[in-house]
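Report on one structure; see the data block that follows.
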2 protein chains.
Amino acid sequence: MTEQPASLTPTQLSAYFALTEVSSLLRPAVEKQLRDVGALSYVQFQLLARLGDAVDGRSRMTDLADGVVYSRSGLTYQAQSLEERGLITRSPSPDDERSTIVAITAAGRAVLQAVFPGHIEAVRGLLFTPLSDDDASDLARILGRVSAHLRAAPPRSAARRRKT
Amino acid sequence: MTEQPASLTPTQLSAYFALTEVSSLLRPAVEKQLRDVGALSYVQFQLLARLGDAVDGRSRMTDLADGVVYSRSGLTYQAQSLEERGLITRSPSPDDERSTIVAITAAGRAVLQAVFPGHIEAVRGLLFTPLSDDDASDLARILGRVSAHLRAAPPRSAARRRKT
DNA sequence: GTTAGGTGCTTCAAATTCGAAGCAGATAAG
DNA sequence: CTTATCTGCTTCGAATTTGAAGCACCTAAC
């Protein structure tokens, strides 16, 4: 009576389970390195990394928030923190007075450079040590597909603006 | 000069990137359903699910914390909340006076049953819609291997107990 | 059996996170 | 041009999360 038509196969269930487990375990392990070497939280690292990759090292707040999948208010908080440390600057956009343009500073790039190798090394040790090249390739393909699927839904920043 | 020996291949990098992206996007989407249907946070759901699966529906606090990869103090907080709602009970272990045994109640099982089908359905839609059966199978195999690798490291509960 | 150290859990203070509400500039419709 | 709506960001309050410190019990070495 309590049986629903199982809409996930056992294999799918275990894939889902493994996914949450891996990300839960990976996160704190990687964060430790970031905190020790660069006094960065994971989000802060992601923000710097995105800015470092962006053309001119600049980006709008909203695009950053969507990029790292974070609430807008959370991003404001973190951006303040990074700005106080001199790792980024915030300035109004010339195009749109409402927009804030975030730019990575030289100091920000320096921290990024200091932290990056160890970060990569940690990920390699934790995530890829037990995997073959083919595994890594499969993983990239499969999760890339899922990511694209999830990105198709409206992003966090489009959150409800309820009618009055 | 600024080039380090890239210790991750481009493929590995994109796999890593996709992994963080997928888990970041999946989490809030799934949480919405849990909150709407059962007023549960993701952790709370995981806790109930684990207890529901456990023999007798009971488990030690520490084992629960390690199982869902959560801090011990965080678990205390969530357990209090679930206990107040009558979804679990906490009682001292007969074997070990220090231990607290958490048990799921009938009400807890009821909430779990109410929430479960929708949860599974959400995961299917979000995670497995774009994937073939082979993909799911590969994902389970690969992430299962990583998970085992990560679980080999000492768990969260074995955190530093520094010498005085 | 006494003592030193280990283990299980909670309390505490501090930091982070989020959504809702608010503010101001932009955009479109008439 | 005016008004209604939308969009980008911040402020605010409430909830969550964490590590460190503390308490009590357990274990083992002597």
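Just the heavy atoms: all of them, side chains too, but no hydrogens, waters or symmetry mates, feed the values below. Everything numeric in this text was worked out from a predicted model, so none of it was measured. Below, chains carry the letters A, B, ... as their sequence lines are ordered, and counting in each starts from 1.
- The phosphate of C/dT16 has neither OP1 nor OP2 within less than 4.0 Å of any side-chain N or O from A/Gln44.
- The CG-P distance, from B/Leu34 to D/dT16, rounds to 14 Å in whole Å.
- In this structure, A/Lys32 atom NZ and D/dT18 atom C1' are separated by 15 Å, rounded to whole Å.
- Base contact: A/Thr76 has a heavy atom under 4.0 Å from a base atom.
- In the model, B/Ser81 has a side-chain atom that pairs as donor or acceptor with a side-chain atom of B/Gln44 under 3.5 Å.
- A salt bridge links B/Arg141 and A/Asp135; the closest N-O separation between the charged side-chain nitrogens and carboxylate oxygens is under 4.0 Å.
- Between A/Thr62 and the phosphate of D/dC9, there is a side-chain N or O to OP1/OP2 separation shorter than 4.0 Å.
- In this structure, B/Ile88 places its CD1 atom 12 Å from P of C/dC9, rounding to the nearest Å.
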Open item on the list: Could you walk me through whether B/Ser41 and B/Gln78 satisfy the side-chain contact (heavy atoms from CB on, under 4.5 Å) test, starting with their C-alpha distance in whole Å, then the side-chain angles of each, then the deciding distance to 0.1 Å, before giving a yes or no?
Closed with: CA-CA 9 Å; B/Ser41 69; B/Gln78 293 295 348; 4.2 Å; yes

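- Within 6.0 Å of the CG atom in A/Asp133, the count of heavy atoms belonging to other residues, nucleotides or ligands does not exceed 12.
- Regarding A/Asp95, its CG atom lies at a distance of 18 Å from the P atom of D/dT7, rounded to whole Å.
- Remark: C1' of C/dT16 and OH of A/Tyr42 are 17 Å apart, rounded to the nearest angstrom.
- The CE atom of A/Met61 sits 19 Å away from the P atom of C/dC23 (whole-angstrom rounding).
- If you measure from atom CG of B/Asp66 to atom P of C/dC9, you get 10 Å, rounded to the nearest angstrom.
- Taking side-chain N and O atoms only, A/Arg72 has no distance below 4.0 Å to OP1 or OP2 of D/dT10.
- Checked against C/dC9, D/dC9, C/dG8, the side chain of B/Thr100 finds its nearest nucleotide in C/dC9.
- Across all strands, A/Arg90 comes closer than 4.0 Å only to sugar-phosphate atoms, never to a base (heavy-atom distances).
- Across the interface with DNA chain D, nearest-nucleotide mapping of A/Ser73 and A/Asp96 shows A/Asp96 to be the residue nearer the 5′ end.
- Here the side chain of A/Arg60 is nearest to one of C/dC18, C/dT16, D/dG8, namely D/dG8.
- Contacts of B/Tyr70 with the nucleic acid, taken as non-hydrogen atoms under 4.0 Å apart, involve only primed sugar atoms and P, OP1 or OP2.
- The backbone N or O of A/Leu19 sits less than 3.5 Å from a side-chain atom of A/Ser23, completing a donor-acceptor pair.
- Phosphate contact (OP1/OP2 of D/dT17, side-chain N/O of B/Tyr77, threshold under 4.0 Å): absent.
- Of the candidate nucleotides D/dT10, D/dG8, D/dC26, D/dG8 has the atom lying nearest to any side-chain atom of A/Ser99.
- Atom-to-atom, CD of B/Glu31 to C1' of C/dG19 comes out at 13 Å; the value is rounded to the nearest Å.
- Under a 4.0 Å N-O distance rule, the pair B/Arg50/B/Asp53 does not qualify as a salt bridge.
- Using a 4.0 Å heavy-atom distance criterion, A/Gln80 is classed as a sugar-phosphate-only contact.
- Listed nucleotides: C/dA24, D/dC26, C/dC18. Nearest to the side chain of A/Arg98: C/dA24.
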